[in-house]
Amino acid sequence: MVFLKEQLEPYIGQPVIKATGDAKNIPFDLLAGQPLITIETFGKELFFIFPAFAVRIHLMLFGKYAINGKLNRTLRLGLRFESGEEINFYACDCRFLSEPLDNVYDWRTDVLHPSFDPAIALAKLQQQPQKLICEALLDQSILAGVGNGIKNEVLFRNQIHPESQVGEISAVVLQKLVQACVMQSDAYLHWKQAGMEGEHWQVYKQKLCPRDDIPLRKEKIGKSRRTSYFCDKCQHLYLPDVTE
DNA sequence: GGTTATGTTATTTC
DNA sequence: AGAAATAACATAAC
């Protein structure tokens, strides 16, 4: 969402002339005339901040947007600005927030936020020792913004098997993983900015392990059944010692 | 044409 | 009641 925020920065300061769409819980009439104070992001969420409220956008799996254009589908939320330019959102989740964002979001958990605090992420990971590492990294309350691609890349690059249990991984290694999530998220943003999205995945959506050319495993792991791409040969599995 | 997929929340079930 | 499983949403690509 940071990528989208950057593209929308020209609209900051402009009043919304008209708001349209089929989003529930969005007061389209109230939006008209409101000046866009600023735009914020938290993980995969984007916020349009107005003087007395905010509008939250989450693209989920299928969300799309068009800047100064329309897509051939049902409009969820469209904002036209004073300059005549507009932003249109489709198939996304929109919410109206009347509470200050600081009361709802802890910016220190957002991997791309300047105030991200790795010590908090580490502590939260250690509070869930039974969790599988592949699920823990996707937990938005621990590492907001980390998605399935970044999860797979971070685990491969640190040679950690996705089915490893958090409690069996040392603090030093967990710390490395947290750091890697930040670096990988940062790198992903740079790829997007360079228009080279998808060209830098080492394992995500790939067939062969780049280290030794053997086939990668692709499996749905854990309660959330999200796909993990991994190499059993390169990635070490940390499990409790069952020899009693 | 069936399955899968950058994700999360609501509902149902136990 | 509360945890855990399942459904729901919505759309393009393989």
Side-chain angles (χ1 to χ4, degrees), chain A residues 1-7 21-26 41-47 54-66 69-78 88-97 99 101 104-106 109-112 124 127-157 162 180-208 215-230:
Chain A
M1 282 291 104
V2 174
F3 179 66
L4 177 53
K5 177 191 168 186
E6 289 174 357
Q7 294 178 279
D22 70 351
K24 292 170 187 166
N25 309 316
I26 298 295
T41 62
F42 177 83
K44 298 159 191 157
E45 302 171 55
L46 179 82
F47 307 96
V55 171
R56 184 200 92 135
I57 308 276
H58 194 307
L59 295 178
M60 308 301 283
L61 249 70
F62 311 122
K64 291 276 186 291
Y65 62 86
K70 291 187 192 309
L71 297 182
N72 182 26
R73 61 185 72 185
T74 308
L75 180 66
R76 177 61 44 81
L77 174 65
N88 293 309
F89 290 98
Y90 308 87
C92 61
D93 185 35
C94 301
R95 289 186 202 173
F96 180 80
L97 298 173
E99 215 181 330
L101 295 193
V104 186
Y105 295 93
D106 183 352
T109 65
D110 176 352
V111 292
L112 283 185
K124 285 186 175 177
Q127 279 165 20
Q128 313 223 39
Q130 337 272 36
K131 226 172 186 177
L132 300 185
I133 190 65
C134 63
E135 303 216 271
L137 296 187
L138 283 180
D139 187 332
Q140 299 299 294
S141 67
I142 300 176
L143 293 159
V146 171
N148 206 26
I150 287 170
K151 172 201 82 179
N152 281 300
E153 293 299 309
V154 162
L155 290 174
F156 174 73
R157 290 165 200 230
C181 285
V182 175
M183 285 179 2
Q184 202 64 43
S185 299
D186 226 41
Y188 180 65
L189 175 61
H190 290 306
W191 301 340
K192 286 205 79 153
Q193 287 166 339
M196 297 168 70
E197 191 187 347
E199 293 176 40
H200 291 75
W201 301 120
Q202 289 189 8
V203 290
Y204 180 57
K205 294 182 177 173
Q206 306 304 308
K207 298 262 182 246
L208 291 176
L216 288 168
R217 284 175 63 192
K218 177 191 176 195
E219 282 171 33
K220 293 181 189 297
I221 291 171
K223 284 178 282 196
S224 58
R225 314 286 300 149
R226 301 285 252 114
T227 306
S228 280
Y229 293 79
F230 59 102

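As the structure is a prediction and not an experimental result, all values here were calculated from the model. Naming convention: chains lettered A, B, ... in sequence-line order (proteins, then strands); numbering from 1 in each chain.
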Checklist entry - His200(A) vs Trp191(A) aromatic rings, parallel, tilted or perpendicular, using cut-offs 30° and 60°? => result parallel
Item to check | Whole-Å distance separating the CD atom of Glu219(A) from the C1' atom of dT4(B) | outcome: 16 Å
Checklist outcome for this item: Given protein heavy atoms under 4.0 Å, the one-letter contact record of nucleotides 7-14 of chain B, with B base, S sugar-phosphate only and - none, is simply BBS-----
Next on the checklist: Taking 4.0 Å as the cut-off, does a side-chain nitrogen or oxygen of Lys220(A) come that near to OP1 or OP2 on dA5(B)?
Outcome noted: yes
Between side-chain atoms of residues 55-64 of chain A and protein atoms elsewhere (two or more places apart, or another chain), which donor-acceptor pairs fall under 3.5 Å?
unit_1	atom_1	unit_2	atom_2	d
Arg56(A)	NH1	Glu45(A)	OE1	2.8
Arg56(A)	NH2	Asp93(A)	OD2	2.7
His58(A)	ND1	Met60(A)	N	2.8

Item to check | Nearest-Å distance once atom P is located in both dT3(B) and dA7(C) | outcome: 15 Å
Next on the checklist: Would you say Thr227(A) places a side-chain N or O within less than 4.0 Å of OP1 or OP2 belonging to dT4(B)?
Outcome noted: no
Next on the checklist: I'd like the C1' distance from dG1(B) over to dT11(C), given in whole Å.
Outcome noted: 15 Å
Checklist entry - Nearest to the side chain of Arg73(A), which nucleotide is it out of dA12(C), dA5(C), dA5(B)? => result dA12(C)
Checklist entry - When the C1' atoms of dA1(C) and dT11(B) are considered, how many whole Å apart are they? => result 16 Å
Next on the checklist: Would you call the rings of Tyr229(A) and Tyr204(A) parallel, tilted or perpendicular, taking 30° and 60° as the class edges?
Outcome noted: perpendicular
Checklist outcome for this item: Lys218(A) has its side chain closest, among dT4(B), dA5(C), dT11(C), to dT4(B)
Checklist outcome for this item: Its dot-bracket string being built from Watson-Crick and G-U pairs below 3.5 Å, with | for another strand and [ ] for crossing, DNA chain C has the pattern .||||||||.||||
Item to check | Residues Lys131(A) and Asp139(A) bridged, charged N to O under 4.0 Å | outcome: yes
Item to check | Euclidean distance, Leu216(A) CG relative to Phe156(A) CZ, rounded to 0.5 Å | outcome: 7.0 Å
Checklist entry - Nearest-Å distance, NZ (Lys64(A)) to C1' (dT6(B))? => result 9 Å
Next on the checklist: Below the 4.0 Å mark, does dT11(C) have OP1 or OP2 next to a side-chain nitrogen or oxygen of Tyr90(A)?
Outcome noted: no
Checklist entry - Roughly how many Å is it from NZ in Lys205(A) to C1' in dA13(C), rounded to a whole number? => result 9 Å
